[in-house]
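Accompanying notes for the structure given below.
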Amino acid sequence: MTQQLSSEWRGWISENIARGCTDSSIVASIVHAGIDPALARAAIVTLRLPGHPPLDNLSSQFHTGNSIWTQDHQVQVVMRVSKPCVAVVNNVLTPEECDELIRLSRIKLKRSTIVDPLSGEYRVIEDRSSSGTFFALNENDFISRLDRRISEVVNWPAENGEGLQILNYQIGGEYKAHFDYFPPDDPGSQPHLNNGGQRVSTLVVYLNDVDDGGETVFPRINLSVCPRKGSAVYFEYCNATGEVDPMTLHGGAPVRAGEKWIATKWMRQSRYGGN
Ligand code: PD2
Ligand code: ZN
């Protein structure tokens, strides 16, 4: 027998749907009360009435407003696209935090990999010519502070996040067009979906100014974001019913001068148990 939310919670969800609340804000409140997000989402799907506006994407945070406040920080929204949901934000990390992430990562970089679509194993390919490293969630106080802030910026629980990934691209380094979600029909996706479910959103924070090139490009919506130290690009690709959005195809353009450092946070549908 599958689990279901209590009638009190279901009533509360119905009221909030009727008030026009977004799925993401409803899920966030329920998760805050310690309930499994998968249960919350399943309830929302069944409680939405026919004729009600279609399920929104995850985060309402980026749809309106000029700033996002976190406990310790103000982040400015400088650009947004609504479909797919993409936003560029300034001041996610301070220059000192960017420098510290680079300093801690430089000594432990390894060639980046991708998930093989057939086997699900990690593989080095020419299309992704960066080096990188990870920090486990809440690995230390510094990382914990950044994990918490990012969770507040993207309005999604920190425990659903993969560990912060740091990447370094040298001249010519790039990441050709790809999806950040695990393509549901690839057999290699399954083992990754079993831990935390699908990826739902990405925040790429730029840790340095790149002298030339290194933009994050979205070819299907003709968008190109230039790296700027401390700024970030955010995008969502999985809605509350688990559908993924191929319009979020994106890549990291080749670095033409200087080098490029980024920190990437991938959020999952539910709690992620580590790499
Ligand atoms: O390097 C980038 O700009 C970039 C952008 C989006 C990298 C990734 N995604 C990634 O590593 O998935
Ligand atoms: Zn990506």
Side-chain angles (χ1 to χ4, degrees), residues 58 62 78-79 81 84-90 92-93 98 101-102 105 109-117 122-135 150 153-154 161-183 186 188-189 192 196 198-238 244-268 272 275:
L58 296 165
F62 293 94
V78 291
M79 190 286 303
V81 172
C85 173
V86 181
V88 177
V89 284
N90 279 350
V92 173
L93 299 184
C98 293
L101 276 178
I102 292 175
S105 304
L109 292 177
K110 290 208 177 78
R111 174 74 191 241
S112 305
T113 55
I114 54 118
V115 171
D116 185 282
Y122 293 103
R123 204 153 58 80
V124 168
I125 58 161
E126 255 184 47
D127 282 4
R128 191 181 198 199
S129 47
S130 54
S131 305
T133 188
F134 284 90
F135 293 96
I150 288 172
V153 169
V154 307
E162 297 180 34
L164 206 54
Q165 180 192 237
I166 312 298
L167 288 183
N168 173 241
Y169 299 83
Q170 296 291 326
I171 288 183
E174 64 177 325
Y175 191 179
K176 292 223 169 89
H178 64 278
F179 302 111
D180 280 0
Y181 56 78
F182 300 102
D186 285 358
S189 295
H192 299 277
Q198 185 58 273
R199 282 185 180 155
V200 294
S201 66
T202 302
L203 184 80
V204 174
V205 188
Y206 304 104
L207 301 180
N208 71 324
D209 294 324
V210 180
D211 293 337
D212 194 23
E215 305 92 337
T216 303
V217 292
F218 294 81
R220 291 186 178 165
I221 55 171
N222 294 323
L223 177 67
S224 173
V225 181
C226 296
R228 175 178 167 186
K229 188 170 182 170
S231 297
V233 59
Y234 169 79
F235 50 104
E236 292 176 2
Y237 33 79
C238 177
V244 290
D245 187 350
M247 292 300 281
T248 58
L249 183 78
H250 65 277
V255 171
R256 285 192 294 270
E259 62 174 337
K260 174 182 172 189
W261 287 88
I262 58 169
T264 305
K265 173 65 79 174
W266 287 296
M267 287 295 184
R268 297 297 193 102
Y272 179 70
N275 297 307

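Order of appearance sets the numbers: ligands from 1, and atoms from 1 within every ligand. What you see below is based on every heavy atom in this structure, not just the backbone, and it leaves out hydrogens, waters and symmetry mates. Positions are given from 1, in the same order as the sequence printed here.
Regarding atom 4 (C) of ligand 1, its nearest protein heavy-atom neighbour is I262 CD1, 3.9 Å. Nearest protein neighbour of atom 2 (C) of ligand 1, counting heavy atoms only, is K260 NZ, 3.2 Å. Closest to atom 5 (C) of ligand 1 among all protein heavy atoms lies T216 CG2, 3.4 Å. When only non-hydrogen protein atoms are considered, atom 1 (O) of ligand 1 lies nearest to Y169 OH, 2.7 Å.
Of all the atoms in ligand 1, the ones that sit under 4.0 Å from a non-hydrogen atom of R128 are 11 (O). Each of the following atoms of ligand 1 lies closer than 4.0 Å to a heavy atom of D180: 12 (O). Within the listing of ligand 1, atoms 11 (O) sit less than 4.0 angstrom from a heavy atom of L167.
Considering backbone and side-chain atoms alike, Y206 places every N or O at 3.5 Å or more from each N or O of ligand 1. At least one N/O-N/O distance between H250 and ligand 1 falls below 3.5 Å. Where the criterion is an N or O separation shorter than 3.5 Å, residue side chain and backbone included, H178 meets it with respect to ligand 1. When only interatomic distances are considered, the shortest N/O to N/O separation between E215 and ligand 1 does not fall below 3.5 Å.
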Donor-acceptor pairs under 3.5 Å, side chain of residues 218-231 to any protein atom, not counting sequence neighbours: which ones?
{"from": "R220", "atom 1": "NH1", "to": "P246", "atom 2": "O", "distance (Å)": "2.8"}
{"from": "K229", "atom 1": "NZ", "to": "D99", "atom 2": "OD1", "distance (Å)": "2.7"}
{"from": "S231", "atom 1": "OG", "to": "N90", "atom 2": "OD1", "distance (Å)": "2.8"}

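In this structure, Y122 has its ring center closer than 6.0 angstrom to the ring center of H192.
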Let's go through N168 and E259 carefully: what are the C-alpha distance in whole Å and the side-chain angles of both, what is the deciding distance for side-chain hydrogen bond (donor to acceptor under 3.5 Å, both in side chains) to 0.1 Å, and is it a yes or a no?
CA-CA 7 Å; N168 173 241; E259 62 174 337; 3.0 Å; yes
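Around the Zn ion (ligand 2), the protein contributes the following N, O or S atoms at distances under 2.8 Å: H178 NE2, D180 OD1, H250 NE2.
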